[in-house]
Protein chains: 2
Amino acid sequence: MEYRDKNGLTEKEFLAQYDPGDYPRPSVTVDMMVLGPKKDYSGLKILLVKRGEHPFYNCWALPGGFVRPEESCYEAASRELKEETGLKHVFLEQVYTFSKPDRDPRTRVMSVAYMALSPVVPRVKGGDDALEAAWFDFEFTDNMLHIYNDDIGVSIIYQLSTKRFRNGNIKYGNLVPTLKTKTRLAFDHVEIIVESMIKLRREIEYTDLPFSMAKEEFTLPDLQAIYELLLGHKLYKANFRIMVADRIEDVGAKDKSVIGKRMSELYRLK
Amino acid sequence: MEYRDKNGLTEKEFLAQYDPGDYPRPSVTVDMMVLGPKKDYSGLKILLVKRGEHPFYNCWALPGGFVRPEESCYEAASRELKEETGLKHVFLEQVYTFSKPDRDPRTRVMSVAYMALSPVVPRVKGGDDALEAAWFDFEFTDNMLHIYNDDIGVSIIYQLSTKRFRNGNIKYGNLVPTLKTKTRLAFDHVEIIVESMIKLRREIEYTDLPFSMAKEEFTLPDLQAIYELLLGHKLYKANFRIMVADRIEDVGAKDKSVIGKRMSELYRLK
DNA sequence: ATAATAGTGTCTATCAGACATTATCTG
DNA sequence: CAGATAATGTCTGATAGACACTATTAT
């Protein structure tokens with residue numbers, strides 16, 4: 001395998017003299033949509049951080065940060081998530097890479113988007129002015145995205161409309177967000193949320209994804225509540241139970257649901 | 001909106017003095033799995049290029065290249081595809097971003113993977129030694145990936161095995177390729193193909209994706225053949241026609257199928 | 001005891017899978 | 001006319017959606 005290239009170099013020699021950078025390189029960040037359930041499972045929360053520097057100074061943004069030279073994007077996302085929330089071993093999945101040259105006014109920055117689902121909503125540092133973080137109420141319907149936190153008096157609303165267009169023989173459908181409030185999200189972070197939610201809802205149909213927002217042992221009323229939160233609509237109890245029946249196993253104990261007022265059977269993921 | 005940050009700078013002033021690069025930046029490339037049908041719809045072809053430099057000198061690789069400073073990843077993929085094949089306006093979709101720090105021995109290179117589906121298999125430059133390109137026969141089954149070109153005597157086989165593992169409460173399933181021939185694909189390009197095929201087959205279920213491999217006007221026997229090629233298994237004619245019925249419209253003319261021996265009705269995508 | 005919720009039974013419409021039959025074209 | 005293939009008909013089992021009912025428990 002000791003090929004020599006057109007300059008007569010072996011691979012080893014080539015690598016030793018290799019000079020990167022024909023083109024200026026982009027910075028690469030990871031940004032995450034982190035969702036968790038409210039304590040009573042009455043809604044979803046999303047984690048945002050307040051930017052302490054330009055651009056979008058004082059604007060709320062998705063948590064994230066630069067990918068370091070010795071780590072993969074997944075590792076970077078995992079690290080940032082732990083730094084921000086203390087969460088480890090939660091569901092964390094790559095969604096899409098955003099790369100429009102002008103998406104960051106500073107310099108060329110690509111963002112590899114991730115989504116994370118947590119079974120809990122841990123307290124985050126709120127006082128530190130430089131990197132304030134907070135959980136916001138999160139509502140995502142067919143035509144509206146509403147992110148708000150009544151404690152700090154912030155409300156961000158985007159209308160969502162479906163645009164269809166064709167490119168030759170190929171059809172595309174896009175969900176386009178339009179800002180409806182004075183306050184907005186930083187950068188193109190709305191788009192990250194939209195893409196993540198589309199992917200999330202699609203994947204619920206063929207994966208065990210909602211289980212990663214449940215506790216290790218859960219009741220079926222609670223699991224159903226999580227499904228309904230993520231899907232954005234109600235489910236029939238009997239049908240839901242048939243649907244998950246072959247994926248769960250009985251723990252052999254009972255506990256009170258987070259939701260309910262009566263004891264119910266505990267299950268875990270098979 | 002004329003916020004001043006902790007250094008007393010407005011956003012404009014901040015951007016003027018901004019110095020990028022806390023961390024060394026990665027190079028970013030796009031790499032593509034480009035598929036097209038054989039002329040008689042008896043199989044799929046994949047486009048590969050022979051590497052003319054280290055690393056993986058003389059090794060076959062997916063077409064791709066560096067993302068330039070003024071273009072998005074989609075634009076880069078689109079440009080590379082046109083340069084390589086002359087194809088424009090074909091289905092081209094982002095698949096996944098590969099970012100392991102050691103995936104390229106030269107330097108840190110992330111790859112944003114795309115897949116493209118073409119209705120035709122255009123002739124590619126084969127003589128030029130520096131950047132030889134060729135279409136290979138492509139077979140992707142549940143447990144095998146076979147890429148070969150009998151004209152130039154190249155055969156590359158990977159066995160595919162499903163590995164399941166858990167991370168806390170979260171289950172994962174991965175399709176792991178194992179090389180079975182002397183010849184291999186460059187870099188982690190097998191993984192790009194595997195991920196692309198998984199996404200492709202999943203998306204066929206809820207999109208019109210196979211239509212982008214058909215001609216503008218097509219017969220149903222031909223469209224079914226394309227579905228079968230992409231899915232990797234046979235379909236029942238009657239069921240297939242019911243499935244696509246509400247997505248097609250009658251052109252009002254007949255033509256001979258690519259496949260068949262009798263005239264059949266022409267349709268187009270609604 | 002009562003109200004509320006946990007848990008089960010079952011009906012229906014729809015759809016994918018499978019196979020059979022008829023219609024039409026080519027040689 | 002014969003063989004092949006285009007096009008349609010129909011049976012079946014599985015499944016999602018919808019609603020009704022019974023069982024259990026907290027107050």
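Just so it is clear, the values below take in all heavy atoms, side chains as well, and ignore hydrogens, waters and symmetry mates.
As a whole-Å value, the separation of A/Asp255 CG from C/dG7 P is 12 Å. We find that CG of A/Asp250 is positioned 15 Å from C1' of C/dT8, with the value rounded to whole Å. When rounded to the nearest whole Å, the span between CG of B/Asp222 and P of D/dA7 equals 11 Å. Atom CG of B/Leu223 and atom P of D/dA7 are 12 Å apart (whole Å). At whole-Å resolution of the value, CE in A/Met263 and P in C/dG7 are 10 Å apart. Taking atom CD of residue A/Gln224 and atom P of nucleotide C/dG7, one finds them 11 Å apart after rounding to whole Å. In this structure, CG of A/Asp40 is placed 17 Å from C1' of C/dT5, rounded to the nearest angstrom. A/Glu265 places its CD atom 17 Å from the P atom of D/dA23, with the value rounded to the nearest Å.
A donor atom on one side chain and an acceptor atom on the other are not found under 3.5 Å apart for A/Ser99 and B/Ser72. For the residue pair A/Arg202 / B/Tyr206, a side-chain donor-acceptor distance below 3.5 Å is found, with atom types taken as modelled.
Atom CG of A/Asp250 has more than 12 heavy atoms from other residues, nucleotides or ligands within 6.0 Å.
Judged purely by atom type and a 3.5 angstrom limit, B/Arg201 uses its side chain to pair as donor or acceptor with the backbone of B/Leu230. Of the possible donor and acceptor atoms, one in the side chain of B/Thr181 sits under 3.5 Å from a partner among the backbone N and O of B/Ile157. Side-chain atoms of B/Thr85 come within 3.5 Å of backbone N or O of B/Leu81 as a donor-acceptor pair. One N or O on the side chain of A/Gln224 and one on the backbone of A/Leu235 form a donor-acceptor pair closer than 3.5 Å. Side-chain atoms of A/Lys38 never come within 3.5 Å of backbone atoms of A/Val121 as a donor-acceptor pair (strictly under, hydrogens ignored). Between the side chain of B/Gln94 and the main chain of B/Ala113, no donor-acceptor pair closer than 3.5 Å is present.
For the pair A/Lys256 and A/Leu235, nearest-nucleotide mapping onto DNA chain D gives the more 5' position to A/Leu235.
For the helix from C/dA1-D/dT27 to C/dG27-D/dC1, the rotation axes defined at the first and last 5 base pairs enclose an angle of 10°, given to the nearest 10°.
Shown for residues 237-248 of chain B: residues whose heavy atoms fall under 4.0 angstrom of DNA chain C, namely B/Ala238, B/Asn239. Within residues 198-209 of chain B, no residue places a heavy atom under 4.0 Å from DNA chain C.
Under 3.5 Å, the side chain of A/Arg262 and the base of D/dT24 form at least one donor-acceptor pair of N or O atoms.
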For the pair A/Phe211 and A/Phe91, evaluate ring-ring contact (aromatic ring centres under 6.0 Å, His included) and give the outcome as yes or no after the intermediate values. CA-CA 10 Å; A/Phe211 287 79; A/Phe91 177 83; over 10 Å; no

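The phosphate of C/dG17 (OP1 or OP2) has no side-chain N or O of B/Tyr236 nearer than 4.0 angstrom. For B/Lys261 and D/dT5, the shortest distance from a side-chain N or O to OP1 or OP2 is below 4.0 Å.
For B/Ser257, the side-chain atoms get nearest to D/dA6 when compared with the rest of D/dT25, D/dA6, C/dA6.
What you find for B/Tyr148 and B/Ser155 is that their closest heavy atoms are CB-CA, 3.9 Å. Pairing each heavy atom of A/Pro37 with each of A/Val120, the nearest pair is CD-N, 4.2 Å.
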